[in-house]
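Bear in mind that the values here come from a model prediction, so they are computed numbers and not experimental data. We count residues from 1, following the sequence as given.
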Amino acid sequence: AIIGAPVSEEFLFRGLIFGGFARFGFLLPAAASGAFWALVHFDPGVFIPITFIGMGFAWLFWRSGNLWDSVVSHLLFNATSFVLLVVQR
């Protein structure tokens, strides 16, 4: 979840989906890739926040042109979420 998911999800959702449609601009492809990514998480309660986080990852990829920026950010996001979950228990 901390390493595998960020790598595979970023290559699919930001690399293929966002990258494939980025020629049409930023906003619509970023929203689409973020929404698809949120749907994969199967939690309607966090659909909107996860969509916006996905759009943030798309922005990192868009700005840098390097998919690894969004992979590392996603990895840090998952690691932080995991640590907070463990500390709460």
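- For the atom pair CG (Leu16) and CD (Glu10), the distance works out to 11.5 Å, reported to the nearest 0.5 Å.
- Counting heavy atoms from C-beta on, the side chains of Leu12 and Glu9 never come closer than 4.5 Å.
- Both Val40 and Met55 belong to a common hydrophobic cluster when Ile, Leu, Val, Met, Phe, Trp and Tyr are linked at side-chain heavy-atom distances under 4.5 angstrom.
- To the nearest 0.5 Å, the span separating OG on Ser70 from CH2 on Trp59 amounts to 12.0 Å.
- Nearest approach of Gly15 to Phe61, heavy atoms of both residues: CA-CE2, 4.3 Å.
- Nearest approach of Ala31 to Thr51, heavy atoms of both residues: O-CG2, 4.1 Å.
- When every heavy atom of Ala1 is checked against every heavy atom of Pro6, the shortest pair comes out as O-CD, 3.5 Å.
- Membership of the apolar cluster around Leu75 extends to Ile2, Ile3, Phe82, Val86, as traced through chained side-chain contacts below 4.5 Å between ILVMFWY residues.
- The shortest side-chain heavy-atom distance between Phe18 and Phe57 does not fall under the 4.5 Å cut-off.
- Side-chain contact between Trp37 and His74: present, with at least one pair of heavy atoms (C-beta onward) separated by less than 4.5 Å.
- The heavy-atom pair separating Phe13 from Ser33 by the smallest distance is O-CB, 3.2 Å.
- Phe11 meets the side chain to side chain contact (heavy atoms under 4.5 Å, CB included) test with Val7, Leu67, Trp68, Val71; sequence neighbours excluded.
- Residues forming a side chain to side chain donor-acceptor pair (under 3.5 Å) with Asn78 (at least two apart in sequence, or on another chain): none.
- Linking ILVMFWY residues whenever their side-chain heavy atoms come closer than 4.5 Å, directly or via other members, leaves Leu84 and Ile50 in distinct clusters.
- Partners of Leu39 by side chain to side chain contact (heavy atoms under 4.5 Å, CB included), not counting sequence neighbours, listed by chain and number: Phe36, Phe47.
- Members clustered with Val87: Val83, by chain and number, using a 4.5 Å side-chain heavy-atom cutoff among hydrophobic residues.
- By the side chain to side chain contact (heavy atoms under 4.5 Å, CB included) test, Ser81 pairs with Phe77, sequence neighbours left out.
- Cluster membership check: Ile17 shares its hydrophobic cluster with Leu27, using side-chain heavy-atom separations under 4.5 Å among Ile, Leu, Val, Met, Phe, Trp and Tyr.
- By the rule that hydrophobic residues join a cluster once side-chain heavy atoms approach within less than 4.5 Å of another member, Leu76 and Val46 end up as members of separate clusters.
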